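Read the structure below first, then the notes.
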Amino acid sequence: MKVKPSIPKGTRDFGPKEVYKRNYIFGTIRKVFEKFGYQPLETPTMENLETLTGKYGEEGDQLLFKVLDSGDYLKDVKPDVYESKDAKKLSFAISGKGLRYDLTIPFARFVVMNQNDIAFPFKRYQIQPVWRADRPQKGRYREFYQCDADVVGTNSLLNEAELTQIYDEVFTKLGLEVIIKINNRKLLAGLAEVAGVSDQLVHLTVAIDKLDKIGIEGVTKELVTRGINPEVMHFFIESQGLENKEKLAKVKEHLKHSQTGLQGVAEMEMLFNYLEIAHLYRAKVEFDLTLARGLNYYTGTIFEVKAVGVEMGSIGGGGRYDNLTGMFGLNGVSGVGISFGAERIYDVLEELNLFPPDVTQATTALFINFGGEFEKAAFGYLQKLHMADISAELFPSDDKMAKQMKYANAKNVHYVIFVGEEEVKRQKLTVKNMITGEQNELNIEQLVILLKQEA
RNA sequence: GUAGUUGUAGCUCAGUCGGUUAGAGCGCCUGAUUGUGGUUCAGGAGGUCGCCGGUUCGAACCCGGUCUUCUACCCCA
């Protein structure tokens, strides 16, 4: 039976060109992570469902991909659950495992499971796909990669400074101009406290976070529906556009009666002091009081990165969480981490044409196949190139020249090599540079030297 | 979860009011060109019009369902 080939909703194939480009991004990120002492970690695609549920809120639980139990999975389902025809209940009753939803919870689970073997502070990075049963949308897929770096077991704000530098260095290497926005949850808590709406902190910050997206009116409306006096907003608006230090001073004055708030101010002051010493290449650091970030497990510094000159949401984010491992029974371990939105970074680099032209060039040289003894001669030369670690290939059949040349073009091959009657007779190779069109006759040693320079 | 949108050749897309044999560009193949690609010219192959059902003498076109694409909201990367 013929089946029309297709892939599940929200998933993608990555052809060779895309993989090259994606690896360029991942590789750049990985190198910088390792330079700052972060070590790689990989966790299973599947986690036990109980590890995942309840960690991402009620909506998050609905977005988990569950993995059906093996064997006779209906046997032990309680009759009332079975009869209820409640898909949510039933799905949890017959699924003991679920696909990884992010990299942070598996990391927390790993830290708790291996706490006796880990030397704290523990710095790890992780680049793996995650899955969400979400509705696909612009820049949103059901399977996508996350690139996280976290350090746990230290309260020092030196870590925050270092993570800021990682953002700066990665995006500098990728040729992207970015703004790194920094805020602190304790400041937001302090502002809510001063305004007398501490119990509405989450709603307040979520609304304020949208300020530049939906404007003053939109935020006012949202605050009113939440039963919060929109007056709160004024302080945020007044402090917009100030220099980082001025803004911090203003916030300090405003929060002088809030202990939490002043704690946040102290943290921000210390972080900015470190950042004055830290060497940043080209990223701008901006203290953005309206920055909130969705996840409510953040407790201190929060980060978000925006690309300059493109319409795109954040391409990175993160923050400090005081008790991530607490949910698995290990208390008192503070952590801070950042994440790179690789898929969005890809789109931005594509839009701004910032991928280096040679990322997709895999094969340096192609031998044209003239068949018979010429094929054998070319095959012999090919061995020499391979032994010299040069990426090269011989076209596998003596098809028409036009076809072989087109193949070279399609694969972005830099040099095409002809080994035919003349060349074999004279022990030479004709080498054509496919970019300049230039053509030279070389012997094999000269060719190896030429191609070595290329690589 | 809510609302809209899309699906026709390998790719990007036309297709009039429901009417005979469904088109274009690009790509592919063949030839001009038996050792030179990205230029040109000539010819050719390639289709279950997403899928299932309905209305009709007749459906790519109208109706229902379903899957899919993209998008806004919620939420998020």
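Not measured: the values here are computed from a predicted model. Note on naming: letters A, B, ... go to the chains in the order of the sequence lines (proteins, then strands), and numbering restarts at 1 for each one.
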Please list, pair by pair, any protein nitrogen or oxygen found under 3.5 Å from a nitrogen or oxygen in nucleotides 34-40 of chain B.
unit_1	atom_1	unit_2	atom_2	d
B/G35	O6	A/Glu421	N	3.0
B/G35	O6	A/Glu422	N	3.4
B/G35	O6	A/Glu423	OE1	3.0
B/G35	N1	A/Glu423	OE1	2.9
B/G35	N1	A/Glu423	OE2	3.0
B/G35	N2	A/Glu423	OE2	2.9
B/U36	O2	A/Lys432	NZ	3.1
B/U36	N3	A/Gln439	OE1	3.1
B/U36	N3	A/Gln439	NE2	3.1
B/U36	O4	A/Gln439	NE2	2.6
B/G37	O2'	A/Asn409	ND2	2.5
B/G37	O6	A/Lys432	NZ	3.3
B/G37	N1	A/Met434	O	2.9
B/G37	N2	A/Asn409	OD1	2.8
B/G37	N2	A/Met434	O	2.9
B/G37	N3	A/Asn409	OD1	3.0
B/G37	N3	A/Asn409	ND2	3.3

Would you list the protein and nucleotides 43-45 of chain B atom pairs, both N or O, that sit under 3.5 Å from each other?
none

Each nucleotide N or O in nucleotides 69-73 of chain B that has a protein N or O under 3.5 Å away: list the pair and distance.
unit_1	atom_1	unit_2	atom_2	d
B/U69	OP1	A/Gly10	N	3.3
B/U71	OP2	A/Gln137	O	3.3
B/U71	OP2	A/Lys138	N	2.5
B/A72	OP2	A/Gln137	OE1	2.9

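Residue pairs meeting the ring pair (Phe, Tyr, Trp, His ring centres under 6.0 Å) criterion with at least one partner in residues 397-422 of chain A, sequence neighbours excluded, are A/Phe395-A/Tyr407.
When the C1' atom is used for both B/G46 and B/G1, the distance is 43 Å, rounded to whole Å. Spacing between B/A59 and B/C49 at atom P, rounded to whole Å, works out to 12 Å. Nucleotides B/G50 and B/U5 have their C1' atoms positioned 15 Å apart, rounded to a whole Å. Comparing the P positions of B/U6 and B/U69 gives a spacing of 15 Å, expressed to the nearest Å.
Every residue two or more places apart in sequence or in another chain that forms a side-chain hydrogen bond (donor to acceptor under 3.5 Å, both in side chains) with A/Thr172 is listed here: A/Asp168. For the side-chain hydrogen bond (donor to acceptor under 3.5 Å, both in side chains) test, no residue two or more places apart in sequence or in another chain qualifies with A/Ser95. Remark: A/Arg282 pairs with no residue by the side-chain hydrogen bond (donor to acceptor under 3.5 Å, both in side chains) rule, at least two apart or across chains. Every residue two or more places apart in sequence or in another chain was checked for a ring pair (Phe, Tyr, Trp, His ring centres under 6.0 Å) with A/Phe36, and none qualifies. Applying the side-chain hydrogen bond (donor to acceptor under 3.5 Å, both in side chains) test to A/Thr28 and every residue at least two apart in sequence or in another chain returns nothing.
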In a table with atom names and distances, give each donor-acceptor pair under 3.5 Å that connects a side chain of residues 127-139 of chain A to protein atoms at least two apart or in another chain.
unit_1	atom_1	unit_2	atom_2	d
A/Gln128	OE1	A/Thr43	N	3.0
A/Gln128	OE1	A/Gln126	NE2	3.0
A/Gln128	NE2	A/Thr43	O	3.2
A/Trp131	NE1	A/Glu143	OE2	2.9
A/Arg132	NE	A/Tyr101	O	3.0
A/Arg132	NH2	A/Tyr101	O	3.2
A/Asp134	OD2	A/Arg140	NH2	2.5

Could you list the donor-acceptor pairs under 3.5 angstrom formed between side-chain atoms of residues 373-383 of chain A and any protein atom two or more places apart in sequence or on another chain?
unit_1	atom_1	unit_2	atom_2	d
A/Glu375	OE1	A/Asn369	ND2	2.8
A/Gln383	NE2	A/Phe379	O	3.0

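Using a 4.0 Å heavy-atom criterion, one finds that A/Lys210 contacts the sugar-phosphate atoms exclusively.
Pairing analysis of RNA chain B (Watson-Crick: purine N1 to pyrimidine N3 plus N6-O4 or O6-N4; G-U wobble: N1-O2 and O6-N3; both under 3.5 Å) yields stems of 3 or more pairs at B:1-4 with B:70-73, B:10-13 with B:23-26, B:28-32 with B:40-44, B:50-54 with B:62-66.
Under the ring-ring contact (aromatic ring centres under 6.0 Å, His included) rule, A/Tyr125 has a single partner from A/Phe340, A/Phe26, A/Phe33, which is A/Phe33.
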